[in-house]
Amino acid sequence: MKILVGIKRVVDPNVAIHVKSDGSGVETTNIKMTMNPFCEIAVEEALRIREAGNAKEIIVVSAGPKNSQETLRSALAMGADRAIHIPVEETRLEPLAVAKLLQAVTTREQPDLVLLGKQTIDDDYNQTGQMLASLLGWSLGTFASKIKVGDEMLTVTREIDGGMETLRLTRPVVVTSDLRLNEPRYVTLPNIMKAKRKTIESLSAEELGVDIAPRLEILAVEPPAGRKAGVIVGSVAELVDKLKNEAKVI
Ligand code: AMP
């Protein structure tokens with residue numbers, strides 16, 4: 001099998017988010033960035049499938065500004081074989097544009113499996129995998145918490161309301177990873193050094209024949225309302241009084 005993994009560079013989940021003063025988005029200048037955690041899980045799963053002898057090649061692909069190459073290098077250091085960067089200076093890349101770019105790369109590379117994260121933690125769209133499978137006309141397994149590779153198919157277990165659902169999907173297939181799929185490995189220093197020597201192929205949106213112009217307009221981005229400071233009450237009677245007369249919850 002050949003596996004293609006889509007990865008996105010996002011603000012590190014441990015960093016406090018600040019909304020830009022003009023309300024146009026979230027501040028990313030001089031902010032620590034990292035691979036989207038669900039994408040890291042997707043890369044890890046591809047590595048495990050290859051290590052089990054079920055895949056020959058793993059290609060990672062990322063669309064985004066030049067520094068997305070650092071994220072691709074991290075995936076190469078984890079063990080991916082090849083990387084493709086789609087340079088896009090547009091900071092807002094909508095899921096439909098990403099899905100079309102991944103469709104074009106899929107057509108060139110002909111993988112049997114495309115692994116994506118279930119969602120990016122910055123925009124929280126949770127759309128790209130679904131759109132890509134539709135564009136390709138491929139089977140789709142979303143929110144995978146377990147993947148088993150069979151001869152002509154893939155068995156995907158996914159968490160749904162009230163339990164687990166197991167699907168048998170014919171290949172080629174798009175699968176999106178959930179948090180429980182695996183725990184990604186730490187990259188070792190020798191592998192980071194090795195990854196520095198690997199070349200990253202660059203393919204522009206024009207070369208891929210994809211129009212990435214935004215279709216959505218963001219009207220405003222606002223930080224969540226600040227929480228009021230708490231108070232320490234002196235007695236149960238005072239607590240009950242506040243719940244009754246201030247919070248009006250009893
Ligand atoms: P989303 O639909 O934006 O929540 O993203 C879901 C998944 O699509 C991510 O976890 C990635 O696997 C993939 N993806 C999103 N944006 C990009 C991008 N710019 N480059 C490559 N893959 C992406």
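Order of listing sets the numbers, starting from 1, for every ligand and every atom in it. All residue numbers refer to positions in the sequence shown, counting from 1. None of these values were measured; they are calculated from a predicted model.
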Report yes or no: does [X] have a heavy atom closer than 4.0 Å to ligand 1?
X: D123; result: no
X: A42; result: no
X: C39; result: yes

Out of all atoms in ligand 1, which are within 4.0 Å of some heavy atom of [X]? Include the element for each.
X: S62; answer: 20 (N), 21 (C)
X: G6; answer: 11 (C), 12 (O), 22 (N)
X: Y125; answer: 1 (P), 2 (O), 3 (O), 4 (O)
X: L116; answer: 12 (O)

Of the listed options T71, T120, L72, L93, closest to atom 3 (O) of ligand 1 (non-hydrogen atoms): T120
Options V174, I7, L4, ranked by nearest heavy atom to atom 21 (C) of ligand 1, top entry: I7
Could you say whether the N/O atoms of [X] and ligand 1 ever approach to under 3.5 Å?
X: V61; answer: no
X: G117; answer: yes
X: D124; answer: no
X: Q127; answer: yes
X: A63; answer: yes

[X] and ligand 1 - part of the residue with a heavy-atom distance under 4.0 Å:
X: N36; answer: side chain
X: V5; answer: neither
X: N126; answer: backbone
X: F38; answer: neither

Top protein contact for [atom], by heavy-atom distance:
atom: atom 8 (O) of ligand 1; answer: T128 CB, 3.4 Å
atom: atom 16 (N) of ligand 1; answer: K8 CD, 3.5 Å
atom: atom 17 (C) of ligand 1; answer: V98 CG1, 3.5 Å

Verdict with reasoning, L101 to V105, per side-chain contact (heavy atoms from CB on, under 4.5 Å): CA-CA 6 Å; L101 291 169; V105 176; 5.6 Å; no
side-chain contact (heavy atoms from CB on, under 4.5 Å) partner of N36, chosen from I121, L116, I7, D122: I121
Within this structure, what is the [atom1]-[atom2] distance for the pair [X] and [Y], rounded to the nearest 0.5 Å?
X: E165; Y: I160; atom1: CD; atom2: CD1; result: 4.5 Å
X: L203; Y: E201; atom1: CG; atom2: CD; result: 4.5 Å
X: F143; Y: R158; atom1: CZ; atom2: CZ; result: 6.0 Å

Side-chain donor-acceptor pair present, R180, S145, cut-off under 3.5 Å: no
Close side-chain approach of R92 to I218, heavy-atom, < 4.5 Å: yes
Greater than 12 external heavy atoms within 6.0 Å of E183's CD: no
Pair R171-D151, salt bridge (Lys or Arg N to Asp or Glu O under 4.0 Å): steps then yes or no: CA-CA 9 Å; R171 299 199 314 233; D151 278 346; over 6 Å; no
From CA spacing to verdict: salt bridge (Lys or Arg N to Asp or Glu O under 4.0 Å), D81, R50: CA-CA 11 Å; D81 300 293; R50 193 190 59 196; 3.2 Å; yes
Given K146, E40, E45, R48, the one that forms side chain to side chain donor-acceptor pair (under 3.5 Å) with N182: E45
K248 side-chain N/O to N245 backbone N/O, donor-acceptor pair under 3.5 Å: yes
N/O donor-acceptor pair under 3.5 Å between E44 side chain and R185 backbone: yes
